[in-house]
A.B. asks: 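Input: one structure, supplied below.
Keep in mind that what you see is a predicted model, and the values were worked out from it rather than measured.
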Amino acid sequence: MMLGQISGTRAVVIVGAIIILSLFALAIAYSSFRRPRREGTPDIPPAMKPGPTDAVLEKSRFERMLGWGTTTVIFLAIWVPLVWLIEPGQNKTDQATMNAESIQRGSMIVQLNSPTNPEGFGCVRCHGGQLQGWFNVFNGSVVTTPDLQTVCGGPFTGHPQIKSLDDVVNTIAQGRPGTDMPSWSVKFSGSLDDQQINDIVNYILSIQKVPFKNNVCINPQAAAKAAGGSSG
């Protein structure tokens, strides 16, 4: 009868019996062919033989400690410089990822609030769909809102009150008294926390159409020139 024709339970029993018999046969063979004891020596079971001396045990332990210590030192000697070499690139990658996520959040905050965009605060209502600025009617008068795509040009692009990135942040956070620009930071009775304002600023930085030489938000020389009152 083939093994495949035997029921599952019976096949398991047969296989188990074969394994047990094989182990038993190996045990008998080992007992029969093991090295015979030397003449004149007592036949002491292994479990009752004297153990190694303290000196031998301590030497073995000492050698193992030296071995593991050496292995640990070698591992650290390789791992620490490797981490040091990889860390700048990893930090750069992490920072780029965080910036991209911040810009994405900022792009959602400036849009209108809706069921599909619950994070929206409606900056586009005044500044245009792409924050490019446009004409709006407030209290019966026409008001031109700033083009935020060129705001980092400061006085070089028609934004005389913007001379650095701090001015952009402060304008969003504190608003501009006497104008239709309200304060948005919770520190000034607004609705946005610091992270949300930071996300908006990062989004504004990402849509700038200002050359680097005139960008007061990211170019210290341009900011110094703007602070000096020159717009040439």
A.B. asks: Can you tell me how far apart CD (Q208) and CG (N214) are? Round to the nearest 0.5 Å.
C.D. replies: 12.0 Å

A.B. asks: Under the side-chain contact (heavy atoms from CB on, under 4.5 Å) rule, what do Q161 and R176 come out as? Steps first, then yes or no, please.
C.D. replies: CA-CA 10 Å; Q161 298 185 58; R176 284 209 178 137; 3.5 Å; yes

A.B. asks: From I204 CD1 over to D199 CG, what is the distance, rounded to the nearest 0.5 angstrom?
C.D. replies: 11.0 Å

A.B. asks: If only side-chain N and O atoms count, and only distance matters, is there a donor-acceptor pair under 3.5 Å linking N91 with Q95?
C.D. replies: no

A.B. asks: Mark yes or no for whether Q196, through its side chain, and D193, through its backbone, hold a donor-acceptor pair below 3.5 Å.
C.D. replies: yes

A.B. asks: Under the side chain to side chain donor-acceptor pair (under 3.5 Å) definition, can you give me all pairs with a residue in residues 67-76, not counting sequence neighbours?
C.D. replies: none

A.B. asks: Where the side chain of D167 meets the backbone of K163, is there a donor-acceptor pair that is under 3.5 Å apart?
C.D. replies: yes

A.B. asks: Return yes if some donor-acceptor pair links the side-chain N/O of N219 with the main-chain N/O of N215 below 3.5 Å, else return no.
C.D. replies: no

A.B. asks: Decide whether V83 and V80 are clustered together by the hydrophobic rule: side chain heavy atoms of Ile, Leu, Val, Met, Phe, Trp, Tyr closer than 4.5 Å, transitively.
C.D. replies: yes

A.B. asks: If you apply the rule side-chain contact (heavy atoms from CB on, under 4.5 Å), what do you find for I172 with V201, and how did you get there?
C.D. replies: CA-CA 9 Å; I172 297 173; V201 171; 3.9 Å; yes

A.B. asks: Short question: side chain of W134, backbone of C126 - any donor-acceptor pair under 3.5 Å?
C.D. replies: yes

A.B. asks: Can you get from W79 to I86 by hopping between Ile, Leu, Val, Met, Phe, Trp and Tyr side chains that sit under 4.5 Å apart?
C.D. replies: no

A.B. asks: Is there a side-chain contact between V216 and L165, using heavy atoms and a 4.5 Å cut-off?
C.D. replies: no

A.B. asks: Atom OG1 in T116, atom CD in Q111: separation rounded to 0.5 Å?
C.D. replies: 10.0 Å

A.B. asks: Quickly, which of V168, I109, L192 forms a side-chain contact (heavy atoms from CB on, under 4.5 Å) with I197? Name it, please.
C.D. replies: L192

A.B. asks: Okay, side chain of S191, backbone of W184: is any donor-acceptor separation there less than 3.5 Å?
C.D. replies: no

A.B. asks: I'd like to know if the side chain of S206 and the backbone of Y203 have a donor-acceptor N/O pair within less than 3.5 Å.
C.D. replies: yes

A.B. asks: Go through the structure and list residues passing disulfide bond (SG atoms under 2.5 Å apart) with C217, not counting sequence neighbours.
C.D. replies: C152

A.B. asks: What is the minimum heavy-atom distance between S183 and A173, and which atoms define it?
C.D. replies: CB-O, 3.4 Å

A.B. asks: For K187, is there any backbone N or O sitting under 3.5 Å from a side-chain donor or acceptor partner on S185?
C.D. replies: yes

A.B. asks: By the side chain to side chain donor-acceptor pair (under 3.5 Å) test, which pairs, at least two apart or in different chains, include something from residues 148-158?
C.D. replies: Q149-K209, T150-H159

A.B. asks: Would you sort out whether L112 and N117 count as a side-chain contact (heavy atoms from CB on, under 4.5 Å), showing the intermediate values?
C.D. replies: CA-CA 7 Å; L112 296 174; N117 183 33; over 6 Å; no

A.B. asks: Closest approach of S107 and Q104, non-hydrogen atoms and distance?
C.D. replies: OG-O, 2.6 Å

A.B. asks: Check step by step if side-chain contact (heavy atoms from CB on, under 4.5 Å) holds for K225 and F156.
C.D. replies: CA-CA 10 Å; K225 189 175 181 180; F156 309 112; 4.0 Å; yes

A.B. asks: Are I200 and M108 co-members of a hydrophobic cluster defined by side-chain heavy atoms under 4.5 Å apart?
C.D. replies: no

A.B. asks: Would you compute the distance between atom CD1 of I162 and atom CG of L148 and round it to the nearest 0.5 angstrom?
C.D. replies: 9.0 Å

A.B. asks: Who clusters with I218? Use side-chain heavy atoms, under 4.5 angstrom, across I, L, V, M, F, W and Y, and order the result by chain and number.
C.D. replies: F212

A.B. asks: If you define the side chain from C-beta out and look only at heavy atoms, does anything of N198 sit under 4.5 Å from S102?
C.D. replies: yes

A.B. asks: Do N113 side-chain atoms and G120 backbone N/O form a donor-acceptor pair below 3.5 Å?
C.D. replies: yes

A.B. asks: Got a second to check how far M98's CE is from T93's OG1, nearest 0.5 Å?
C.D. replies: 10.5 Å

A.B. asks: Could you tell me if the side chain of K213 sits less than 4.5 Å from the side chain of Q221, heavy atoms only?
C.D. replies: no

A.B. asks: If Ile, Leu, Val, Met, Phe, Trp and Tyr residues are connected whenever their side-chain heavy atoms lie under 4.5 Å apart, and connections chain through other members, are I207 and V210 in the same group?
C.D. replies: no

A.B. asks: How is the hydrophobic cluster of I74 composed, in terms of its other members, when Ile, Leu, Val, Met, Phe, Trp and Tyr link through side-chain heavy atoms under 4.5 Å apart, directly or indirectly?
C.D. replies: I78

A.B. asks: Work out which heavy atom in P118 is nearest to a heavy atom in P115; give both atom names and the distance.
C.D. replies: CD-O, 3.9 Å

A.B. asks: Quick one: hydrophobic cluster around V186, which other residues, with the 4.5 Å side-chain cut-off, linked directly or via members?
C.D. replies: none

